[in-house]
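Structure first, commentary second.
Everything numeric here is computed off the predicted structure, so don't read it as measured data.
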Amino acid sequence: MKLSVIILNYNVRYFLELCLKSVQAAILNIDAEIIVVDNNSEDDSCSIVKALFPTVKLIKNKENSGFSKGNNIGVSQARGEYICILNPDTVVVENTFIELLDFAETKEKLGI
């Protein structure tokens with residue numbers, strides 16, 4: 001697998017839905033996965049992920065474990081050669097990941 005996109009969510013259902021729609025469109029031609037880590041949201045974030053995005057891996061934390069730990073939980077489940085940690089209030093354009101991966105493939109010792 002080339003890319004894992006990790007999205008940490010906490011009570012931002014509306015933004016998460018828009019983010020997931022944009023990420024799905026941007027990974028259509030990439031061997032990629034989307035992982036949503038939910039930090040014990042009280043809204044219906046998890047139910048919309050299950051209903052509208054059945055291919056997304058959903059990890060439901062039983063507590064709000066914070067930003068770093070929540071992302072690390074997602075990263076520990078990721079299978080991609082490259083990992084993108086994305087905030088749920090982000091919308092990406094359709095060629096975002098293709099351009100990033102093309103760029104990354106031309107560099108040695110790339111890290112951020």
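Val75 and Ile59 fall within the same hydrophobic cluster, where Ile, Leu, Val, Met, Phe, Trp and Tyr residues are linked whenever their side-chain heavy atoms come under 4.5 Å apart, directly or through other members. Ile98 and Val92 fall within the same hydrophobic cluster, where Ile, Leu, Val, Met, Phe, Trp and Tyr residues are linked whenever their side-chain heavy atoms come under 4.5 Å apart, directly or through other members. Transitive grouping of hydrophobic side chains (ILVMFWY, heavy atoms separated by less than 4.5 Å) keeps Leu16 and Tyr14 in distinct clusters. A chain of hydrophobic side-chain contacts below 4.5 Å, direct or via other Ile, Leu, Val, Met, Phe, Trp or Tyr residues, connects Ile83 to Phe67. A continuous path of hydrophobic side-chain contacts links Val23 to Ile48 [ILVMFWY only; heavy atoms under 4.5 Å].
With values rounded to the nearest 0.5 angstrom, Leu8 atom CG is found 7.0 Å from Ser65 atom OG. Here the CG-CD1 distance, from Asn71 to Ile6, works out to 7.5 Å after rounding to the nearest 0.5 Å. Between Leu58 atom CG and Thr55 atom OG1 the span is 12.0 Å, to the nearest 0.5 Å. With rounding to the nearest 0.5 Å, the separation of CD1 in Ile27 from OG in Ser22 is 10.0 Å. Interatomic distance, Lys60 NZ to Ile73 CD1, rounded to the nearest 0.5 Å: 14.5 Å. Here the NZ-CG distance, from Lys2 to Asp31, works out to 9.0 Å after rounding to the nearest 0.5 Å.
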### Message
Between Ile7 and Val37, is the side chain to side chain contact (heavy atoms under 4.5 Å, CB included) condition met? List the steps.
### Response
CA-CA 6 Å; Ile7 303 167; Val37 179; over 6 Å; no

### Task
Decide side chain to side chain contact (heavy atoms under 4.5 Å, CB included) for Ile34 and Gln24; before the verdict, give the C-alpha distance in whole Å, the side-chain angles of both, and the deciding distance to 0.1 Å.
CA-CA 8 Å; Ile34 304 170; Gln24 278 190 328; 3.8 Å; yes

### Task
Using the side chain to side chain contact (heavy atoms under 4.5 Å, CB included) rule, take Leu3 and Phe97 through it: C-alpha gap first, then chi angles, then the decisive distance, then the call.
CA-CA 9 Å; Leu3 175 66; Phe97 297 121; 3.7 Å; yes

### Task
Could you give me the CA-CA distance, side-chain angles and deciding distance for Met1 and Glu81, then say whether side chain to side chain contact (heavy atoms under 4.5 Å, CB included) is met?
CA-CA 6 Å; Met1 177 162 299; Glu81 178 183 347; over 6 Å; no

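The shortest distance between side-chain heavy atoms of Leu86 and Cys19 falls below 4.5 Å. You'll find the side chain of Val5 stays beyond 4.5 Å of the side chain of Ile35, heavy atoms only.
Side chains of Asn11 and Ser45: a donor-acceptor N/O pair is absent below 3.5 angstrom, by distance only. A side-chain donor-acceptor contact under 3.5 Å links Glu105 and Tyr82. Between the side chains of Asn61 and Asn40, no donor-acceptor pair is found at a separation under 3.5 Å.
Annotation: Phe53, atom CZ; neighbour count of heavy atoms from other residues, nucleotides and ligands within 6.0 Å is above 12. No more than 12 heavy-atom neighbours from other residues, nucleotides or ligands sit within 6.0 angstrom of CD on Glu94.
Counting all heavy atoms, side chain and backbone alike, Asn39 lies closest to Gly70 at OD1-CA, 4.3 Å.
Under the side chain to side chain donor-acceptor pair (under 3.5 Å) rule, Asn9 has a single partner from Asp38, Asn87, Asp43, which is Asp38.
A donor-acceptor pair under 3.5 Å is absent between the side-chain atoms of Glu33 and the main chain of Val56, judged by distance alone.
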